[in-house]
Student: 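This is the structure I have questions about; it appears just below.
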Amino acid sequence: MMNVQVNQVGYRPNDFKTATFRIEDTNSVSDSVNLEKNIDADFRVIDVINNEVVYEGKMTKEVKSESCGEINKVADFTRVKKPGKYVVESNSCGRSYEFEIREDIYNDILKSSMKMFYLQRCGCSLKEQYAGKYAHKTCHNTKARIYGTDEFIDVSGAWHDAGDYGRYVVAAAKSVVDLMMAYEMYPQVMEASFDIEESGNGIPDILDEVKYELDWMLKMQDKKTGGVYHKVTCKSFPGFVMPEFETEELIVCPISDAATCDFIAAMAYAYRVYSSLSEKYGNKAMEYGEAANMYMEAANRAVAYLEKISAGPFTNPKDIVTGEYGDERTIDEYFWAYAEMYKTTGDKKYEEKLKSMNLDDVPGELGWKEVGDYGFYAYITAPYTKDEELYGKVFKRFENETEEKLEKYMKDPYRGTLYDYYYWGCNMEIANNAMRGILLDKIKGTSRYESMAQAQLHYLLGNNPNAKCFVTGFGKDSPKNPHHRPSAAVKSAMPGMLVGGPEPLLLDDVAKAKLSGKPAAKCYIDELDSYSTNEITIYWNSPLVFLLAHMNAER
């Protein structure tokens, strides 16, 4: 394994830049650097074109990382700004992978990470002109049975959620909101073409892509009650085939509080975005304004449902084994739903609902399961006079959680924000933590969390204990065998997908067999059947897109 880790894709000239040196692997004698060789404290940055040393500096003191099973030093080379190709090296640890410094270094990876959503489209055919080798025929377009009944409904559309072909409302809600946030905060960046079928229609591709998912979400709302069905899948997972070859009966699983609340939040947010498009894009956006009204009407129907009925937490019916996305605690989903409705409408009844909740019971985070921070951000930024006491408490929660991530970032020699906490899909947490810092800086008008945010991208793109660029198709060493059915079917990893990353509970057979005894941060393996470390999802890509949009924006 490489002993010097960097962002394998590269850096913009004015980015914060650090490299992490693995001085000793405390978990493996064979990989250890011999400490008797007088480990030096000096490092160099070398221009590989001219083979010239362009910068020399001192590393930090040694840091012992239990979660990595390593002793590390950190080298800061932020002062190197000239565009070019470089490596970082020291006498004792050797060289890093080659990387590039360039102003537009993140353009291609942003486009690829955004194009991933198009390539995950369900219910339609993908043409080779746009999808290349991942083109497929129309899939999953038969009506789906409502579980336990003989009633069938049309729920075609959406993005395939992950490495399988299921579609889940709670996952969809996080994904569309992250992408809409990226568009709202960085419109000039996100107005770029991502080479999809709608490109060139006068509306930013990202809004067409998000609308594809939102329009499917509308189909998941029960027309009679306003509640929202949790998911649609077959009873079990298919083999590693292209989507048109999954032909088992589709089943719509029961309504849940989590799905209904997340639906409300996403639709209320979408109304704000899509209702204003005609001001910017003229008559080309007329149909989007009409869609916005449908989104708001659907949100209101779902609110009316919640005021009458609680479906409770969702669990898989006993004969369905696809992803559950269960959530036994939904107070955070309720907070998010009512906060977005308040931000959209200004109706004080929603603020009263927020005031009635015990904030200590509302988990934060920006995940699919814990969504409190979305609600906190929505309330903080609502353009209305707010209850002073509630605002103070919500702001403090959001700030404290961001400060906790900053503290972990400052401790971690790889400058990640996990430090000692790794779990299934923890690369999402890395991207989410960057996103949280960016949002708080926006609220406060500061740049306190900028270096932390940038470092999370550097971690994902190679400066991590696995020396892996976790985004397929980029860097010198990225996943070649993601747990992703289209990639497996064509025997080539679809580019632009963020894999889940280290998972120390070893929840799949491959992980159990090959990662046992590894430190938590190194419980990752690039194998097809390791779904707990090497799968992909739309809601891991969505905060990555937000982070890349931030990195591409002019500052």
Side-chain angles (χ1 to χ4, degrees), residues 7-12 15 105-120 159-163 171-186 189-190 192 194 205-206 209-210 213 365-368 373-374 405 415-418 424-439 449 452-464 466 468-475 478-479 482 484 487 493-502 524 533-553:
N7 176 339
Q8 297 173 22
V9 174
Y11 308 82
R12 296 192 348 161
D15 287 349
I105 194 70
Y106 301 126
N107 282 10
D108 289 344
I109 192 170
L110 170 60
K111 289 181 179 180
S112 188
S113 298
M114 187 64 216
K115 180 72 173 281
M116 174 262 201
F117 292 92
Y118 171 79
L119 296 175
Q120 290 288 105
W159 302 313
H160 297 131
D161 174 64
K174 170 179 169 49
S175 302
V176 295
V177 168
D178 288 348
L179 296 180
M180 287 188 288
M181 277 187 172
Y183 168 76
E184 280 198 309
M185 287 187 65
Y186 310 108
V189 173
M190 298 311 295
F194 298 109
D205 288 356
I206 187 173
E209 199 57 67
V210 169
E213 186 81 345
E365 301 302 331
L366 295 165
W368 67 263
D373 280 335
Y374 286 112
K405 309 305 180 185
R415 297 298 185 251
T417 46
L418 298 173
W424 191 343
C426 61
N427 280 344
M428 174 192 70
E429 177 82 2
I430 288 283
N432 284 348
N433 291 341
M435 188 171 168
R436 183 189 283 106
I438 292 165
L439 294 176
Y449 307 102
M452 180 186 81
Q454 292 189 18
Q456 303 322 289
L457 182 62
H458 304 330
Y459 175 99
L460 293 174
L461 301 186
N463 190 16
N464 58 68
N466 297 280
K468 182 73 69 173
C469 175
F470 285 120
V471 180
T472 55
F474 289 85
S478 65
H484 180 244
S487 295
M494 184 185 289
M497 303 186 298
L498 178 64
V499 300
Y524 168 80
T533 76
N534 211 33
E535 192 169 6
I536 62 89
T537 74
I538 55 173
Y539 56 88
W540 297 342
N541 255 59
S542 58
L544 174 65
V545 167
F546 179 94
L547 177 53
L548 287 166
H550 173 78
M551 295 296 288
N552 274 279

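We're numbering straight along the sequence, starting at 1.
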Student: Are the side chains of K115 and D205 in touch, meaning some heavy atoms are under 4.5 Å apart?
Tutor: no
Student: Quick check: closest heavy atoms across G501 and C426, and the distance to 0.1 Å?
Tutor: C-SG, 4.4 Å
Student: Would you say S112's side chain and D108's backbone share a donor-acceptor pair under 3.5 angstrom?
Tutor: no
Student: For L460 and W540: C-alpha separation, side-chain torsions, deciding distance, then whether side chain to side chain contact (heavy atoms under 4.5 Å, CB included) applies.
Tutor: CA-CA 12 Å; L460 293 174; W540 297 342; over 6 Å; no
Student: Between atom CD1 of I430 and atom CG of L457, what is the distance when rounded to the nearest 0.5 Å?
Tutor: 10.5 Å
Student: Please report the C-alpha distance between Y118 and E209 in whole Å, then the side-chain angles of each, then the deciding distance to 0.1 Å, and finally whether the side chain to side chain contact (heavy atoms under 4.5 Å, CB included) criterion is met.
Tutor: CA-CA 7 Å; Y118 171 79; E209 199 57 67; 3.3 Å; yes
Student: For a side chain to side chain donor-acceptor pair (under 3.5 Å) with Y524, tell me which candidate from N466, N534, T533 qualifies.
Tutor: N534
Student: Find the distance between CD (E184) and CZ (F546) and round it off to the nearest 0.5 Å.
Tutor: 10.0 Å
Student: Measuring from Y186:OH to M181:CE, what's the distance to the nearest 0.5 Å?
Tutor: 11.0 Å
Student: Between S478 and F470 (side chain of the first, backbone of the second, donor and acceptor by atom type, cut-off under 3.5 Å), is there such a pair?
Tutor: no
Student: Quick one: does Q454's side chain get under 4.5 Å of H550's, heavy atoms only?
Tutor: no
Student: Could you tell me if the side chain of I536 sits less than 4.5 Å from the side chain of M116, heavy atoms only?
Tutor: yes
Student: Could you tell me the separation between the CG atom of L547 and the CG atom of N433, rounded to the nearest 0.5 Å?
Tutor: 11.0 Å
Student: For a side chain to side chain contact (heavy atoms under 4.5 Å, CB included) check, start with the C-alpha distance between V499 and K468, then their side-chain angles and the critical distance, and finish with the verdict.
Tutor: CA-CA 11 Å; V499 300; K468 182 73 69 173; over 6 Å; no
Student: Mind listing the closest non-hydrogen atom pair of E535 and G163 along with its distance?
Tutor: OE2-N, 3.0 Å
Student: Using every non-hydrogen atom in the two residues, find where R12 and M551 come nearest and quote the distance to one decimal.
Tutor: NH1-O, 2.8 Å
Student: Quick check on side chain to side chain donor-acceptor pair (under 3.5 Å): which of T417, N432, N427 does Q456 satisfy it with?
Tutor: T417
Student: Side-chain contact test, heavy atoms from C-beta onward, threshold under 4.5 Å: evaluate it for R415 versus H458 and give yes or no.
Tutor: no
Student: Are any side-chain N or O atoms of N541 and backbone N or O atoms of L498, one a donor and one an acceptor, separated by less than 3.5 Å?
Tutor: yes
Student: Could you go step by step and tell me if K174 and E213 meet the salt bridge (Lys or Arg N to Asp or Glu O under 4.0 Å) rule?
Tutor: CA-CA 11 Å; K174 170 179 169 49; E213 186 81 345; over 6 Å; no
Student: Supply the atom-to-atom distance K111 NZ to I109 CD1, rounded to the nearest 0.5 angstrom.
Tutor: 13.5 Å
Student: Any sub-3.5 Å donor-acceptor pair from T472's side-chain atoms to M494's backbone N or O?
Tutor: yes
Student: Is a side-chain N or O of S113 found less than 3.5 angstrom from the main chain of V545, in a donor-acceptor match?
Tutor: no
Student: Please report whether the ring centroid of F194 lies less than 6.0 Å from that of F117.
Tutor: no
Student: Looking at G416 and Y459, what are the two nearest heavy atoms and their distance?
Tutor: CA-CD1, 4.0 Å
Student: To check you understand the geometry: which heavy-atom pair defines the closest contact between W159 and S175, and what is its length?
Tutor: CZ3-CB, 4.0 Å
Student: Could you walk me through whether H484 and Q120 pass the side chain to side chain contact (heavy atoms under 4.5 Å, CB included) check?
Tutor: CA-CA 10 Å; H484 180 244; Q120 290 288 105; 2.8 Å; yes
Student: Could you tell me which non-hydrogen atom of Y374 sits nearest to which non-hydrogen atom of L366, and how far apart they are?
Tutor: OH-O, 3.3 Å
Student: Which value, rounded to the nearest 0.5 Å, describes the distance between Y106 atom OH and N552 atom CG?
Tutor: 9.0 Å
